[in-house]
Amino acid sequence: ATLSTMESTSKHLCQRHQMVINFEDLGWHKWIIAPKEFRTNYCKGDCPFSLMSFFNSSNYAFLQTLMNSRTPEVPKAACVPTKLSSISMLYYDSYGNIILQHHEGMVVDECGCG
Amino acid sequence: LEEASLLHFMGLNKVPSPRTTQPVPSILMKIFQERQKAAATGHYQKLCYVKEFGVPGNLIRLFQDQGALSHPMEVAQAPPCTQKFHFFNLSVITQDEQLMMAKLDLRLGLNAYNALQQDLEVMVSVVQGPAPQPDQKLVLHYLPWSQRVLHVDLLDVVKEWNSNPQSNLGLVLELLPKGNNDSTMTIYPEGTCDNWRQFIQASLMVVTLTHQECPRFPHFPRKRR
């Protein structure tokens, strides 16, 4: 397929972008004891077919993007988290009990076309 | 609504707004900080064991004493006041959690004993009948003069309360002069009952294991066929 002439410049390509979740900003600081905030990322950017091999993309992302070049109704692959990690949280519940629990999938470590 | 659904992953059905908040015990903050350090250095491991307590578990709760709310009768008790009721609302423990530890922490404030010369015994009993007098003595602890904190293992009691919530009528803590089980003998702490009671703080530390997070650990004892 011919590649679109307007190939995305690198800054529009799928990548992770730093984000800090601050519970005071969310208005949750009254019941979340710790952490007060934590660093994570969000995923944003284009998944053009030509550069798919540079991303830790999945096979179906290749095929889906290939299909997009033939039938535009099929969307390109999306820029999504490909590696997550967890954090522990210390917080109050509505009865005033204190809970310490580990929550999976809270931090985005890596992004890719999926 | 969005916020509630967002909190669902934390097992909460609405944004918590606790009326009173108990202080965070140092042991919980220590466990939290160790886990954060492990996660930050990439030594994330499946957290299904609480080494500080020596038990399997991935969910630690410190239950707040709701005794004052649930036992107005003790307000009517005139001096000498040697009883304090404690109640812990365990309804937040879900069915897929396995109880691994339940420890009652009693902190006996200094002020309540200033004027008392004799050593004291602390009796912790399970309230079993509608009448306030407990039928079963759980633990008879001798409280040396210097000791201020008592830990009482309540795992069996909490398992019973969790499997049969109606049986959870709370606990009674009683102070008696040492070696004298005759509760007619009285001790007069300083001041009024409320003054005495507020210096007795109780909380219940519970560790549970959810098999969804920790499939490796021993499952519930299977019912024999």
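Lettering follows sequence order; numbering is per chain, from 1.
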query: Would you say the side-chain atoms of A:Tyr92 pair up with the backbone N or O of B:Gln22, donor to acceptor, closer than 3.5 Å?
result: yes

field: Those residues that, when tested against A:Val80, pass side chain to side chain contact (heavy atoms under 4.5 Å, CB included) (two or more places apart)
entry: A:Ala78

task: Counting only heavy atoms closer than 4.5 Å, note whether A:Met106 contacts chain B via side chain, backbone, both or neither.
output: side chain

field: Part of B:Val206 within contact of chain A (heavy atom distance under 4.5 Å)
entry: neither

query: Of all heavy-atom pairs between A:Asn97 and B:Asn89, which one has the smallest distance, and what is that distance?
result: ND2-O, 4.3 Å

N/O donor-acceptor pairs under 3.5 Å from side chains in residues 29-39 of chain A, not counting sequence neighbours:
from, atom 1, to, atom 2, distance (Å)
A:Lys36, NZ, A:Ile33, O, 3.1
A:Glu37, OE1, A:Asn22, ND2, 3.0

task: Select one option (side chain, backbone, both, neither) describing which atoms of B:Ser91 are under 4.5 Å from chain A's heavy atoms.
output: side chain

message: Tell me the closest heavy-atom pair linking B:Pro16 and A:Ser94, and the distance in Å.
response: CA-OG, 3.3 Å

message: Quick check on the interface: out of A:Asp93, A:Ile87, A:Val107, who has the most heavy-atom pairs with chain B under 4.5 Å?
response: A:Asp93

message: With rounding to the nearest 0.5 angstrom, report the NE2 to CD distance, A:His102 to B:Glu213.
response: 9.0 Å

query: Got a sec: does the CD of B:Glu160 have more than 12 other heavy atoms crowding it under 6.0 Å?
result: yes

- line: Correct closest heavy-atom pair for A:Leu100 and B:Ile31 would be CD2-CG2, 3.4 Å

